Undergrad: 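The following block contains the structure, expressed as structure tokens.
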Amino acid sequence: MVTVEYESVKKAYGETIAIEDIDLEVDDGEFTILLGPSGCGKTTTLRCLAGLTEPTSGTITLDGHDVTNVHPKNRNIAMVFQNFALYPHMTVRENIGYPLKVADVGKEERENRIEQVAETLEIPELLDRDIANLSGGQQQRVALGRAIIRRPAVFLMDEPLANLDAKLKISMRSRIKVLQREMDITTLYVTHDQEEAMSLGDKLVVMDKGHIQQIGTPDEVYHQPVNQFVAGFIGSPSMNFVEVSHSDGQIQAENAPEDFDVTLDDAVVKRYSGTDEMTLGVRPQYFSIHTEETANAVEAEVEVTEPQGDEQIVEVAAGDVSLTVVAPSTIDTTRGDTVWLTLEDELVHGFDPETGDRIGDPEEMVATTRASSSAGSQS
Amino acid sequence: MTTKQDTSVDAMPYTEPSGLEKIHERLTETGLTKAGVYGALALFLVWTLFPVYWLVTATLKTRETLLSFPPQWIPLDAQFGNYARLFAERPEFVTFITNSVIVTVVTTIVATTIGAMAAYAFVTFDYPYNLDFHLPFYILSTRFMPPIVTIIPLFVIFRGFGLVNTLRGLILVYTMFNIPFAVWMMKGFFEEVPESLIESAMIDGHTHLGAFFKIVLPLVKPGLIASAIFTTIITWNELLFAVILAQSSQAITVPVGLASFVTKFSVQWINMSVAATIALAPVLLFAFMARQQLVRGFSMGAVGK
Ligand SMILES: Nc1ncnc2c1ncn2[C@@H]1O[C@H](COP(=O)(O)OP(=O)(O)OP(=O)(O)O)[C@@H](O)[C@H]1O
Ligand SMILES: [Mg+2]
């Protein structure tokens with residue numbers, strides 16, 4: 001049983017605040033993902049737990065023990081570094097076995113466990129090779145091996161897949177997930193890739209500018225983003241945001257009131273009663289594209305289409321408003337065509353233009369999204 | 001109506017080689033470039049190695065054959081007895097060699113150790129007032145002035161502390177003079193060791209000190225060896241300070257001993273050549289044995305890509 005808890009952790013480098021107000025609980029065996037754009041403080045958050053960075057204030061506890069000022073070697077933690085940090089003067093075998101060697105585990109047992117780990121990671125043939133001439137993917141597995149050989153209490157990984165090619169990334173991703181499930185070890189995993197985060201995590205911690213924006217399951221952060229940042233960061237292609245005015249369910253884009261003028265469903269309108277200006281958020285998947293004039297639709301001109309196999313990404317312009325739409329590839333349209341877009345009303349979001357917070361009761365939101373959404377699976 | 005874009009390519013699809021490039025190509029084709037390079041190298045070798053050859057052959061000649069003209073290029077009847085004669089005529093030379101060995105070994109160990117430790121501290125830790133940046137520069141700046149400038153004050157200070165004519169005194173001076181080099185050399189090496197390796201070692205269970213000895217030191221070994229060899233060579237050959245600070249025979253080193261063959265009345269060529277050859281041998285041998293590490297050390301690259 002190992003739980004991790006951050007309590008109002010802050011780290012400042014002189015004037016620069018790397019992270020602030022970090023409150024986070026990770027349950028035993030949970031796979032938690034720290035997700036956010038470059039420089040948002042993910043690595044700093046992870047390093048505080050590893051003991052490599054000392055927080056300016058706040059406490060970090062492991063199973064209720066305050067470890068804020070404990071030396072890394074005395075925390076039973078394993079870490080996979082972004083650059084792998086393999087020891088260049090040792091062979092693969094020595095690298096994987098090193099934590100056991102430091103812990104004075106006998107040679108025989110050490111060898112057994114090295115073999116075992118190498119089997120798990122399918123690298124037994126690499127054991128006696130030098131580190132220097134391994135490929136990126138091989139180095140990644142060795143780094144993983146060095147981390148799991150010790151059965152740590154907590155597993156930390158800092159963008160371990162960042163410099164692998166797309167295919168290898170996906171296969172290593174599932175390998176890591178299986179390993180984590182089998183070993184049942186509490187894990188904190190850093191990435192800036194939202195797709196990787198969605199596919200791996202039990203829990204996503206979305207960060208921006210040193211602050212946690214939202215903590216939730218992949219489903220929650222996707223369907224119920226608490227603010228415009230989370231909504232825009234999660235999902236691919238990114239959510240469309242349109243500044244709109246609203247009165248009695250009628251929505252008009254401020255830049256293009258003629259072209260972007262739709263009426264929302266009554267059930268949805270309730271959420272926005274009392275708001276007359278907001279930022280409307282619509283995922284590219286939540287537009288339906290029509291090639292003939294359609295009622296209650298946004299009229300737009302096609303700028304460019306990007307075929308993606310079964311789907312295509314269509315960039316359109318409604319007056320001065322640019323929108324991204326994901327459409328089935330069966331829709332035949334090219335640059336210059338006029339198209340009509342209808343909205344899936346229940347799935348749109350409204351955000352406060354000043355604060356970026358989502359408008360509307362989250363509970364109600366959950367009910368409507370659950371009822372209508374087919375995207376994402378509930379665990 | 002938009003204006004039609006000019007779609008022609010900016011320049012020729014390829015560039016004609018210049019006159020010089022053409023000449024170079026022709027020379028390479030005919031093998032002349034290669035011949036030129038080897039010729040220059042051969043000249044350079046003769047230029048650097050001939051004095052050594054002349055010195056070593058001189059130890060096997062008599063005074064007459066040494067000074068004869070035209071010169072005797074190859075010693076015809078080798079006088080190996082010259083070596084025995086040096087120690088017979090100048091038995092104190094054994095003391096000089098012992099002195100030099102002691103001074104060089106101690107200086108090398110102390111200067112390299114202190115230099116490496118200082119360099120590691122400068123690279124790893126942050127000091128207030130940006131000292132980790134300023135101090136290494138200050139240390140280097142101690143070598144900016146000609147060494148002779150410091151000799152008079154040093155002599156006065158050394159006399160006050162009873163360090164004149166002692167090996168301790170020489171070791172102190174040489175250590176001081178070699179530390180800047182060791183610090184800067186090692187700084188380059190430590191900077192190349194990624195910090196994440198040390199952090200990784202600490203997560204694997206090491207203390208910081210443990211990580212330094214087990215992970216960092218093995219990686220900077222070429223640097224340590226290179227700076228040790230360099231310190232050895234400089235110390236073994238040093239004449240200026242030794243002449244001034246160590247005049248009585250209990251502290252005289254080999255270079256000072258060599259200089260003593262030049263007297264007011266004559267130069268003992270043969271004895272001097274023998275002594276110089278003996279002085280040269282250990283440094284050459286040492287450098288030759290460690291040449292691989294030395295080259296790696298001076299071309300940097302601790303972590304070896
Ligand atoms: N040692 C340091 N000294 C000064 N500032 C630092 C230091 N380490 C991090 N920072 C700053 O703290 C902020 C957060 O950095 P951090 O490395 O945690 O970001 P990150 O989310 O991991 O980014 P990335 O995805 O690029 O790795 C950044 O603004 C960074 O410049
Ligand atoms: Mg990072």
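Chain A is the first sequence line, chain B the second, and so forth, proteins listed ahead of strands; every chain is numbered from 1. Remember, it's a predicted structure, so these values are computed and weren't measured experimentally.
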Undergrad: Can you confirm whether B:Leu197 sits close enough to A:Leu86 that some side-chain heavy atom of one is under 4.5 Å from a side-chain heavy atom of the other?
TA: no
Undergrad: Just wondering, are more than 12 heavy atoms of other shown residues or ligands nearer than 6.0 Å to NE2 in B:His134?
TA: yes
Undergrad: Should the heavy atoms of other residues, nucleotides or ligands under 6.0 Å from OH of B:Tyr129 be counted, would the total exceed 12?
TA: no
Undergrad: Name the option with the most non-hydrogen atom pairs under 4.5 Å to chain B; the candidates are A:Ala103, A:Ala78, A:Pro99, A:Pro72.
TA: A:Pro99
Undergrad: Quick one: what part of A:Ala147 sits under 4.5 Å from any heavy atom of chain B, side chain, backbone, both or neither?
TA: neither
Undergrad: Using the rule given for side chain to side chain contact (heavy atoms under 4.5 Å, CB included), can you reason through A:Leu52 versus B:Ile203, listing the C-alpha separation, both sets of side-chain angles and the distance that settles it, and then say yes or no?
TA: CA-CA 9 Å; A:Leu52 299 173; B:Ile203 284 177; 3.8 Å; yes
Undergrad: Flag yes if more than 12 heavy atoms outside B:Glu195 fall under 6.0 Å of its CD atom; otherwise flag no.
TA: no
Undergrad: If every non-hydrogen atom of B:Pro218 is compared with every non-hydrogen atom of A:His89, which pair is closest and at what distance?
TA: CB-CD2, 3.6 Å
Undergrad: Would you check if B:Met202 and A:Val102 make a side-chain contact, meaning some heavy-atom pair closer than 4.5 Å?
TA: no
Undergrad: Check whether any side-chain heavy atom of B:Asp204 sits under 4.5 Å from a side-chain heavy atom of A:Arg146, and report yes or no.
TA: yes
Undergrad: Quick check: are there more than 12 heavy atoms from other residues, nucleotides or ligands sitting under 6.0 Å from CZ of B:Phe125?
TA: yes
Undergrad: Tell me whether B:Phe133 at atom CZ has more than 12 heavy atoms from other residues, nucleotides or ligands lying less than 6.0 Å away.
TA: no
Undergrad: If you draw a 6.0 Å radius around NZ in A:Lys101, do more than 12 non-hydrogen atoms from other residues or ligands fall strictly inside?
TA: no
Undergrad: Just wondering, do B:Lys214 and A:Tyr87 contact through their side chains at under 4.5 Å, heavy atoms?
TA: no
Undergrad: Report, as yes or no, whether the 6.0 Å neighbourhood of atom CZ on B:Phe137 holds more than 12 heavy atoms from other residues, nucleotides or ligands.
TA: no
Undergrad: Would you call A:Met90 and B:Ile215 a side-chain contact if the rule is heavy atoms closer than 4.5 Å?
TA: yes
Undergrad: Within the 4.5 Å heavy-atom criterion, are A:Arg47 and B:Glu199 side-chain neighbours or not?
TA: yes
